[in-house]
Amino acid sequence: MRLIEYSQFRNRTHVFHNREHAGQILSNALNIYMELDPIVFAVPLGGIPVSAKISKILNCPMHIALVSRLPLPHRPLVGFGALSITNDVVINKKLVEMINLKKEVISEVIINTKKKLQKMQSLFDEFPPINIKNKRILLVDDGVNSGYTLLAAIRSIKRDSPKEIIIAVPTASEKGIKLLESEIETFVCPNVRTGYFFSVLNAYKNWRELEETDILKYFETRNRRKK
């Protein structure tokens with residue numbers, strides 16, 4: 001796997017003003033794909049503002065990667081794996097064993113997450129389906145911690161036979177990159193961080209939780225402009 005990073009951002013925090021600024025910086029590294037007819041796939045929720053900026057600058061279509069973390073009970077911002085709308089389930093087995101997470105709890109979380117993805121899918125029903133066979137996909141999120149959410153997204157997208165999947169994220173942990181290195185050929189990440197503790201939000205000066213109304217605003221504005 002080829003890793004494209006910015007050495008001046010290595011192990012730094014608060015690199016980006018916000019997600020849009022991160023998308024602008026990422027776009028500079030993705031300029032080489034502008035003439036190759038790429039399609040941006042945004043991982044909700046945080047990846048959508050980043051993707052909208054990239055889609056605008058590269059003048060390419062934007063789609064949504066319907067995937068979600070499997071949240072730990074009572075700790076919704078921490079995942080023990082991820083699920084895609086196409087039922088690709090990836091589990092952080094080491095974490096599950098370490099905290100002794102019961103099978104029945106895992107099953108319940110998967111069921112609830114599937115319902116969440118189906119609800120999110122209904123929000124995008126008005127947008128036509130997109131053919132990605134033999135296309136280059138820029139898979140975008142606002143950051144990578146463990147890497148399991150992107151792993152589920154990659155496996156889901158591969159079902160439709162794209163030519164190539166390029167991961168493009170503003171910030172990532174080394175462990176997250178390592179999990180994904182056998183799945184893709186190119187990983188674009190300006191801010192790579194090492195060490196035991198990693199948090200996506202620490203890459204941003206301004207970071208907030210997003211709601212579904214936020215993501216529809218970004219998605220509709222970008223795609224309706226291209227009609």
Listing request: all salt bridge (charged side-chain N to carboxylate O under 4.0 Å, His left out) pairs with a residue in residues 188-204, at least two apart in sequence or in separate chains. none

Walk me through it: do Asp88 and Arg159 pass the test salt bridge (Lys or Arg N to Asp or Glu O under 4.0 Å)? CA-CA 10 Å; Asp88 299 274; Arg159 291 172 178 266; 3.1 Å; yes

If you count the non-hydrogen atoms of other residues, nucleotides and ligands that lie under 6.0 Å from CD in Glu104, is the total more than 12? yes

Please tabulate, one pair per line, all N/O donor-acceptor pairs under 3.5 Å involving side-chain atoms of residues 178-189, not counting sequence neighbours.
from   : atom 1 : to     : atom 2 : distance (Å)
Glu183 : OE1    : Lys158 : NZ     : 3.4
Glu183 : OE2    : Arg155 : NH2    : 3.2

Full working for side-chain contact (heavy atoms from CB on, under 4.5 Å) between Tyr6 and Val192: CA-CA 8 Å; Tyr6 289 4; Val192 176; over 6 Å; no

ILVMFWY network linking [X] to [Y], side-chain heavy atoms under 4.5 angstrom:
X: Ile165; Y: Val140; result: no
X: Val89; Y: Leu72; result: yes
X: Ile57; Y: Val169; result: no
X: Leu210; Y: Ile48; result: yes
X: Val43; Y: Leu45; result: no

Work out which heavy atom in [X] is nearest to a heavy atom in [Y]; give both atom names and the distance.
X: Ile91; Y: Ile106; value: CD1-CG2, 4.4 Å
X: Gly47; Y: Asp141; value: N-OD1, 3.4 Å
X: Pro73; Y: Leu101; value: CD-CD1, 4.3 Å
X: Pro170; Y: Gly143; value: CD-N, 4.2 Å
X: Ala152; Y: Ala82; value: CB-CB, 3.9 Å

Pairs flagged by side chain to side chain donor-acceptor pair (under 3.5 Å) wherever residues 38-48 is involved - sequence neighbours left out: none

Measuring from [X]:[atom1] to [Y]:[atom2], what's the distance to the nearest 0.5 Å?
X: Leu95; Y: Asn100; atom1: CG; atom2: CG; answer: 11.5 Å
X: Ile110; Y: Asn87; atom1: CD1; atom2: CG; answer: 9.5 Å
X: Ile39; Y: Leu139; atom1: CD1; atom2: CG; answer: 12.5 Å
X: His63; Y: Leu66; atom1: NE2; atom2: CG; answer: 7.0 Å
X: Gln24; Y: Lys56; atom1: CD; atom2: NZ; answer: 9.5 Å
X: Ile64; Y: Ser51; atom1: CD1; atom2: OG; answer: 9.0 Å

For the residue pair Thr86 / Ser156, report whether a side-chain donor-acceptor contact shorter than 3.5 Å exists. yes

Judged by modelled atom types alone, do Lys175 and Ser146 share a side-chain donor-acceptor pair under 3.5 Å? no

Donor-acceptor check, side chain of [X] to backbone of [Y], threshold 3.5 angstrom: yes or no?
X: Thr171; Y: Asn191; value: yes
X: Ser173; Y: Asn145; value: yes
X: Lys114; Y: Ile85; value: yes

Between side-chain atoms of residues 26-36 and protein atoms elsewhere (two or more places apart, or another chain), which donor-acceptor pairs fall under 3.5 Å?
from  : atom 1 : to    : atom 2 : distance (Å)
Ser27 : OG     : Gly23 : O      : 2.8
Tyr33 : OH     : Arg2  : NH2    : 3.4

Yes or no on salt bridge (Lys or Arg N to Asp or Glu O under 4.0 Å) for Asp37 and Lys135, after CA distance, side-chain angles and deciding distance? CA-CA 7 Å; Asp37 196 24; Lys135 295 287 189 178; 2.5 Å; yes

Phe41 versus Leu138: any side-chain heavy-atom pair under 4.5 Å? no

Non-hydrogen side-chain atoms of Arg136 and Pro162 separated by less than 4.5 Å: no

Donor-acceptor contacts under 3.5 Å from residues 9-19 side chains, at least two apart:
from  : atom 1 : to     : atom 2 : distance (Å)
Arg10 : NE     : Glu5   : OE1    : 3.1
Arg10 : NH1    : Glu174 : OE2    : 3.4
Arg10 : NH2    : Glu5   : OE1    : 3.4
Arg10 : NH2    : Glu5   : OE2    : 2.8
Asn11 : OD1    : Thr194 : N      : 2.7
Asn11 : OD1    : Thr194 : OG1    : 3.1
Asn11 : ND2    : Thr194 : OG1    : 3.3
Asn18 : OD1    : Glu20  : N      : 3.2
Asn18 : OD1    : His21  : N      : 2.8
Arg19 : NE     : Gly46  : O      : 3.4
Arg19 : NE     : Asp142 : OD2    : 3.0
Arg19 : NH1    : Arg208 : O      : 3.1
Arg19 : NH2    : Asp142 : OD2    : 3.3
Arg19 : NH2    : Arg208 : O      : 3.1

I'd like to check the side-chain contact (heavy atoms from CB on, under 4.5 Å) partners of Phe197; sequence neighbours left out, ordered by chain and number. Ser199, Asn202

side-chain contact (heavy atoms from CB on, under 4.5 Å) assessment of Thr149 paired with Leu151: CA-CA 5 Å; Thr149 301; Leu151 180 58; over 6 Å; no

